[in-house]
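For the single chain, residues carry numbers from 1 onward in sequence order.
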Amino acid sequence: MARWRPSWPLVRLGAGLVLLAAGVAGLVTLQQRANGTVLTLILVPGTGEPPRDEELAVRRLDARTAEICCVPFLQMRLALGDVVRVDARGYAGEVIRPSGRVTFAVRHDGPAPELPGVVTEEIGPGRLAVAAGEEQAREVHELLRQGERAGRLEYRSLLRWDKVDSPLL
């Protein structure tokens, strides 16, 4: 099975974002706390491609639970700060404590879209993983939808019902 491992070379905090959530340290601290990884199974329906794994940085809480310490790019059902159950093979399963964030995957041509108040990670050239709090998620969704209609980008999120099952590979 192919594994897709993001690199985390650059992390930008959106305007005004200092804390990830009440009582949680800032993003750099959260990433520094990562002490392992988990896998997530990525299905690519309708393409004939085999399933893939996305590897995510985590902070292990114990043998069976971990906190997500990065913004997923392919796995839309997980978000930065979620606490997940981990199976014996190292795969993230059920979210047992959601962070309240929504994940967006963005592939863009040209300059990266301006998304205030969110956490973005540049995954590679023209690829952004975005974590938006519940209060910003609808606004981010609308900004990305406008960018897609203008032909500047393509995006995925659980807030989209039309392309939710096809990851940006």
Is the backbone of R89 close enough, under 3.5 Å, to the side chain of D87 for a donor and an acceptor to pair up by distance?
yes

Between CG of L144 and CG of L115, what distance do you get to the nearest 0.5 Å?
5.5 Å

Distance from R101 atom CZ to L80 atom CG, nearest 0.5 Å?
4.5 Å

Once side-chain contact (heavy atoms from CB on, under 4.5 Å) is applied, do any residues pair with R145, and if so which ones, sequence neighbours excluded?
H141, E142, R149, Y155

Test your reading of the model: is there a side-chain donor-acceptor pair from Q136 to the backbone of G133, 3.5 Å cut-off?
yes

So, E67 side chain and V58 main chain: donor-acceptor pair closer than 3.5 Å or not?
no

Under the 3.5 angstrom rule, does the side chain of D82 hit a backbone N or O of P98 as a donor-acceptor pair?
no

Could you check whether any side-chain N or O of T65 sits under 3.5 Å from a backbone N or O of V84, counting only pairs where one atom can act as donor and the other as acceptor?
no

Would you say CD of E114 has more than 12 non-hydrogen atoms from neighbouring residues, nucleotides or ligands within 6.0 angstrom?
no

Which pair of non-hydrogen atoms, one from S99 and one from A79, has the smallest distance, and what is that distance?
OG-CB, 3.9 Å

Under 6.0 Å from the CD atom of E134, do we count more than 12 heavy atoms belonging to anything else shown?
no

Atom pair CZ/CG of R127 and L153 - distance to nearest 0.5 Å:
13.0 Å

With sequence neighbours left out, which residue pairs that include part of residues 94-115 fulfil the ring-ring contact (aromatic ring centres under 6.0 Å, His included) condition?
none

Answer yes or no: is there a donor N or O on one side and an acceptor on the other, between the side chain of E154 and the main chain of E148, under 3.5 Å?
no

Do I68 and L61 belong together in a cluster built from hydrophobic side chains that touch within less than 4.5 Å?
no

Check for a donor-acceptor pair, side chain of T120 on one end and backbone N or O of V130 on the other, with a separation under 3.5 Å.
no

Any donor-acceptor pair under 3.5 Å linking the side chain of R97 with the backbone of V83?
no

Is there a donor-acceptor pair under 3.5 Å between the side chain of D53 and the backbone N or O of L41?
no

For the CZ atom of R60 and the SG atom of C69, what is their distance to the nearest 0.5 Å?
11.5 Å

Does a salt bridge link R52 with E49, judged by any charged N lying under 4.0 Å from a carboxylate O?
yes

Do V95 and V86 land in one hydrophobic cluster if side-chain heavy atoms of ILVMFWY residues count as linked below 4.5 Å?
yes

R64 meets the side-chain contact (heavy atoms from CB on, under 4.5 Å) criterion, sequence neighbours left out, with D62, A88

When L39, T40, L74 are each screened for side chain to side chain contact (heavy atoms under 4.5 Å, CB included) with L56, the one that passes is T40

Calculate, to the nearest 0.5 Å, the distance between atoms CE and CG belonging to M76 and L158 respectively.
7.5 Å

